[in-house]
S.K.: 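Okay, here's the structure, questions in a sec.
Because the structure is predicted, anything quoted here is derived from the model rather than measured. Lettering follows sequence order; numbering is per chain, from 1.
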Amino acid sequence: MPEGVAGTPEPIARLIEAFHKLPGIGPKSAQRLAYHVLRAPEQEVANLAVALTDVKQRITLCSTCLNITETNPCSYCQDGRRDRAIICVVEQPLDILALERSGGFRGVYHVLHGVLNPMDGVGPENLHIRELLTRLEDGEVKEVIMATNPSLEGEATAMYIQRLVSPLAVRVTRLARGLPSGADLEYTDDVTLSRALEGRQEL
Amino acid sequence: MPERPRVYKTEGVILRRRNIGEADSIFTVFSANEGKFDAIARGVRKARSRMRGHLEPLTRSRMLLAQGRTLDVFTQVETINPYRAIRDDLDRSAVALYCAELIDRFTAVHDQDRPLYAHFLDVLDALETGAPASVTRYFEIHLLDRVGYELQLDACAVCAGRLAPEDTLLSASVGGFTCTGCRPGATGGRIVSLRAMKVLRHIRTATIEEFARLRVDDSLARELEAALGDIVRYVLEQEPRTRKFMDQVASLPPRANQQETGDVVELTPRP
């Protein structure tokens, strides 16, 4: 049922309803956005409409690493200078951008599109784990880096995959966990602090 | 319900997390003096959040909360026990999450239950210090007792008559063991071996340390798990979500140097 005062023209009511479905947009914000679109220049609105349809039509999942991409395989999987013997496993496509920004990784990726969350009913079958195992079958991959978040769910996912991979001759590593730069020792939780101590390095 | 102060302190275990908006999360906490409740932590997903690591699921924390309009807000949180050994071990994580889900499903919001809280901590402490996964059975029996589904294990649940020392029907619908004579009146249920009967009775009287020392072989463990799984499913009217995950973890290739723990304890039949 479209939100808004009775008598709102149907196209506007429909637009308000569409905006309302977006995350973090309440009924009032949806109204404001709809009326903004109404007042905006024709060209700007046309661009928005094209951008919206393009994102669904032109973006697919890479058949190898399941990253979101316009070309299949994606640019990382196509790049001949990247080391295909190392796969970095991440939760979301956005994590790849973060790792790429760091510039420290020259291997290829695998996107799980989620993380194990048994309490909410998200199990291994809801993640792209099988595709990862398929990639490991030919024996070309020497190392799998688990780059899931250091949360309970991320750790469980990393351990789950590690156990699945353990019969294969593939080294499974985990990103180091410790203090973020700018952190406060006083407020750091015990697990992070003890892991930071265990992972300490020569100065 | 009495009026709560605007700012209050409690300690509790984080049961689950839901992410909201850009950087906030809502946590479900099972606490000592407020029972189960939901509260929101603002900005907790930012790397520099001071509460971040203290609000992980399965962490026991001390917390200060401020009453909000709809949800209370975490203002300070400090870990009491991060249960790191549980979190570093997939099998134990799965079992602890199952216990957390049962707590979540069997309790009502703001329903204070200190003995149940203490029981939950006992089980987490046991798992943390290396108790076998079968302590889950101890957790289930005592949880059911606390929340009003106490099983009749010592006599027939229908006629209160004596139970013969033999394989016996355990039926959720009648609420316990059922003697051969009353069996036709019970719907559903599962025939439980005499060994399993003894273990179930032992759980009632034993401390968790005593129970954790009991060596339960694989077939007995599976039998007990299935029997109590039936009861839990009957009472909840659905399968707990974490159950499937526990089974999936159990079917993984074993970890290197995994070994059984516990001594052999003989169970003496009751007169």
S.K.: Which atoms of B/A94 come close to chain A, meaning under 4.5 Å heavy atom to heavy atom: side chain ones, backbone ones, both, or neither?
M.R.: neither
S.K.: Can a salt bridge be assigned to the pair A/E100 and A/R82 using a cut-off of 4.0 Å between side-chain N and carboxylate O?
M.R.: yes
S.K.: Can you tell me how far the CZ atom of B/R233 sits from the CD atom of B/E239, to the nearest 0.5 Å?
M.R.: 4.5 Å
S.K.: Taking the six-membered ring of B/Y98 as reference, does the cationic atom of B/R243 (NZ for Lys, CZ for Arg) lie under 6.0 Å from its centre and within 45° of its axis?
M.R.: yes
S.K.: Taking 4.0 angstrom as the limit, do B/R52 and A/D189 come out as a salt bridge?
M.R.: no
S.K.: I'd like to know if B/R50 pairs up with A/D184 as an ion pair, taking the criterion as any Lys NZ or Arg NE/NH1/NH2 lying under 4.0 Å from an Asp or Glu carboxylate oxygen.
M.R.: yes
S.K.: Let me know if B/D89 has heavy atoms under 4.5 Å from chain A in its side chain, its backbone, both or neither.
M.R.: backbone
S.K.: Would one find more than 12 heavy atoms of other residues, nucleotides or ligands at under 6.0 Å from atom CZ of B/R105?
M.R.: yes
S.K.: Contact part of B/L90 toward chain A, heavy-atom cut-off under 4.5 Å: side chain, backbone, both or neither?
M.R.: both
S.K.: At a 4.5 Å cut-off on heavy atoms, which part of A/T192 comes close to chain B: side chain, backbone, both, or neither?
M.R.: neither
S.K.: Please state whether the side chain, the backbone, both or neither of B/E101 comes within less than 4.5 Å of a heavy atom of chain A.
M.R.: both
S.K.: Run the salt-bridge test on B/R17 and A/E153 with the 4.0 Å N-O cut-off and return the result as yes or no.
M.R.: yes
S.K.: Closer than 4.0 angstrom, basic N to acidic O: yes or no for B/D24 and B/R42?
M.R.: yes
S.K.: What part of A/D120 lies closer than 4.5 angstrom to a heavy atom of chain B: side chain, backbone, both or neither?
M.R.: both
S.K.: Among B/D88, B/L58, B/V249, who wins on heavy-atom pairs under 4.5 Å with chain A?
M.R.: B/D88
S.K.: Relative to each other, are the rings of B/H119 and B/F139 parallel, tilted or perpendicular (30° and 60° limits)?
M.R.: parallel
S.K.: Evaluate whether atom CD of B/Q112 has more than 12 neighbouring non-hydrogen atoms of other residues, nucleotides or ligands under 6.0 angstrom away.
M.R.: yes
S.K.: Determine the option with the most heavy-atom pairs under 4.5 angstrom with chain A, choosing from B/E56, B/R87, B/R84.
M.R.: B/R84
S.K.: Any salt bridge linking B/K36 with B/D104? Criterion: basic side-chain nitrogen under 4.0 Å from a carboxylate oxygen.
M.R.: yes
S.K.: Only pairs of heavy atoms separated by less than 4.5 Å count here; which of A/G123, A/P124, A/G24 has the most with chain B?
M.R.: A/P124
S.K.: With a 4.5 angstrom heavy-atom cut-off, is it the side chain or the backbone of A/P180 that approaches chain B, or both, or neither?
M.R.: side chain
S.K.: Sort by residue number and list every residue of residues 193-203 of chain A having at least one heavy atom under 4.5 Å from chain B.
M.R.: A/S194, A/R195, A/E198
S.K.: At a heavy-atom separation under 4.5 Å, does B/S93 approach chain A through its side chain, its backbone, both, or neither?
M.R.: side chain
S.K.: Report the option among A/S151, A/A156, A/S181 that has the most heavy-atom pairs separated by less than 4.5 Å from atoms of chain B.
M.R.: A/S151
S.K.: What's the verdict on salt bridge (charged side-chain N to carboxylate O under 4.0 Å, His left out) for B/D38 and B/R18, showing C-alpha distance, side-chain angles and the deciding distance?
M.R.: CA-CA 10 Å; B/D38 279 358; B/R18 267 164 303 155; 3.0 Å; yes
